[in-house]
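So that the names make sense, note that chain A is the first sequence line, chain B the second, and so on, each numbered from 1. Treat the numbers as computed from the prediction; the structure is a model and nothing was measured.
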Number of protein chains: 2
Amino acid sequence: MTDHPPFDLARFEKPSLTVDVVVFAMRESQLHLLVIERGIPPFEGRWALPGGFVLPRETVEQAAARELEEETGLKDVYLEQLYTFSTPDRDPRGRVVSVAHMALLPMDRLDDAVVGGSDARRAEWIALPEAIEKVEPAGLVTPGARPRKKREPREPHFAFDHDVIVATALARLRGKLESTTLAFELLPAQFTLTEAQRVYEAILGRAVDKVTFRRRLTQLELVEETAEMRRGAHRPARLYQAVPRDSHWI
Amino acid sequence: MTDHPPFDLARFEKPSLTVDVVVFAMRESQLHLLVIERGIPPFEGRWALPGGFVLPRETVEQAAARELEEETGLKDVYLEQLYTFSTPDRDPRGRVVSVAHMALLPMDRLDDAVVGGSDARRAEWIALPEAIEKVEPAGLVTPGARPRKKREPREPHFAFDHDVIVATALARLRGKLESTTLAFELLPAQFTLTEAQRVYEAILGRAVDKVTFRRRLTQLELVEETAEMRRGAHRPARLYQAVPRDSHWI
DNA sequence: TGACTTAGTTGCTGTGTGCAACTAACTTTT
DNA sequence: AAAAGTTAGTTGCACACAGCAACTAAGTCA
């Protein structure tokens, strides 16, 4: 905060402010990500995250929720602010600072998203291949102010720095997985413990032990039994639901 | 990202973009916070965080490092982006979005900060009383888009929403404490295990077990012995140093 | 009826945690 | 010089939890 009366604000050049949203959902036991194919330059034909400009009378979180609904039809999903990306040349059209968000869509609401419409801008669910995580995570100014590493030239799937944003979102999701109940946001209201385990495995990218997993969820009272069972090709599985709590933190 | 050629950016009203920095340091076994007393309205006489406007050719992290050095003389400290605050009326002078950062200053560098200078803008270290944490943490848009809670009117020590920013920084520091080696950033290059324990206790706000604490640090090889001892009023204590590693994550 | 698949449990072992009680080394007090 | 006080650091134990293997249970399918 520098110390001058109101007119002062105009003395400093203002960047454009946007939001971007990384929407995660489970689909066939794999973590998926919602992308939009860009219809016009720059980055025409590349994948981009849903997002847009922040309006004068809204917070960035409200802007993210609004843009998500406008562009994909999704509303009332878990939405969390992630990180602000501000490399001066991240958008070739000019100085654009973007506040990235992460959204989680329950797997029974996959079809709520308007995907593959006949618009110029098609939305699509893509599986999170390991290719995406090879990107360096979001930067930090650490002691010594080390120079910002240049990204190696590689197959550019994503527009702008959206590959870095996706990598940051995945890192955040992983980090919060064990200390919060965020994973339940990707599950239906009622789910089997095996379904829950698949979510953890998809996000962590490795197998987790069945016994340990079930013990944790039940002993910590994160889930409670329901009367219903899920019937399928084999032995029916008990349906559970998340225990309501104030915050997602365990 | 909305789809129009360059001139499009001007179609959307741009907010001012600032950074604020929450600087933590240990002082007399207590966690302290660097504040600046405002010399002019708005919020004249109240405490504010060091910070200022983001320049056109820098990232917000660079802006935070620059402003921190300009206002307090501190450089080469651990600095991490925290959260972006964007409530439309958070600054009475107009639309100002601020990207908050957290910085950690080693206790042997406390005097690097220009504190209590004869300027209009005095910097001061204040102990983190529990009063500060009574503030609600940074908001989230959660399912159902619940209405943003109004803050109760109370003794306003801080300018703007800086009390919320401080609370968010403390929450982040606490959250990362057990899963990272961030605590070492608050310690000198060489430190005793009791000094390290004091840092953890100050941040967590509770006593931690001596045996468990020492076992963890040594068994996880987070620290290594040095040859030196710290001599004082009583039995000398061995000095340790942090084991160098790629990231702060354990 | 038996093979197959998924659901769910039991039992053991190794590891980390919390607590109490101890020893060690120094300074200060008497 | 000895005793008291304070901080440093260790030992030992009980308990909780994680990982692993092996088991039982309940359905489908050939």
Quiz item: Taking all atoms of both residues into account, what is the closest heavy-atom pair of B/Leu34 and B/Ala123, and its distance?
Solution: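 Nearest heavy atoms, B/Leu34 then B/Ala123: CD1-CB, 4.2 Å.
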Quiz item: Starting at the 5' end of DNA chain D and moving along, which residue's nearest nucleotide shows up first, A/Arg206 or A/Pro236?
Solution: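 By nearest-heavy-atom nucleotide position, the 5'-most residue is A/Arg206.
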Self-check item: Given DNA chain D, 5'-ward residue of the pair A/Leu220 and A/Ala233, judged by closest heavy atom
Solution: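 Nearest nucleotide further toward 5': that of A/Leu220.
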Practice problem: Extract, from 5' to 3' on DNA chain D, the first and final nucleotides lying under 4.0 angstrom from some heavy atom of chain A. | Solution: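 Listing 5' to 3', DNA chain D meets chain A from D/dC17 to D/dT28.
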Quiz item: So what does A/Arg215 touch, heavy atoms closer than 4.0 Å: a base, only the sugar-phosphate, or nothing?
Solution: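 Here A/Arg215 touches the bases of the nucleic acid.
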Practice problem: Quick one: label B/Thr194 by what it contacts on the DNA or RNA (base, sugar-phosphate, nothing), any heavy atom closer than 4.0 Å. | Solution: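 The answer is sugar-phosphate, as B/Thr194 gets under 4.0 Å only of primed atoms, P, OP1 or OP2.
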Quiz item: Got a donor-acceptor contact below 3.5 angstrom from the A/Thr226 side chain to the A/Leu239 backbone?
Solution: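 A pair under 3.5 Å: yes.
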Roughly how many Å is it from [atom1] in [X] to [atom2] in [N], rounded to a whole number?
X        : N      : atom1 : atom2 : value
B/Lys210 : C/dT23 : NZ    : P     : 14 Å
A/Arg214 : C/dT10 : CZ    : P     : 12 Å
A/Asp209 : C/dG11 : CG    : P     : 17 Å

Quiz prompt | Residue A/His234, side-chain heavy atoms: nucleotide from C/dA7, C/dG18, C/dT6 that is nearest | solution =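 Nucleotide nearest to A/His234's side chain: C/dT6.
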Quiz item: Are A/Phe191 and A/Tyr240 near enough that their ring centres are under 6.0 Å apart?
Solution: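 Not close enough - the centres of the two rings lie 6.0 Å or further apart.
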Quiz item: Taking the six-membered ring for Trp, is the centroid-to-centroid distance between B/Tyr78 and B/His248 below 6.0 Å?
Solution: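 Yes, the ring of B/Tyr78 comes within the 6.0 Å limit of the ring of B/His248, centre to centre.
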Exercise. Taking only the side-chain nitrogens and oxygens of B/Arg235, find out if one of them lies under 4.0 Å from OP1 or OP2 of C/dT27.
Key: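 The answer is no; no side-chain N or O of B/Arg235 sits under 4.0 Å from OP1 or OP2.
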Quiz item: Ion pair present between A/Glu195 and A/Arg198, side-chain N to carboxylate O less than 4.0 angstrom?
Solution: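 No salt bridge links A/Glu195 with A/Arg198.
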Quiz item: Can we say B/Glu228 and B/Arg230 salt-bridge, meaning some charged N sits less than 4.0 Å from an Asp/Glu carboxylate O?
Solution: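 No, this pair does not count.
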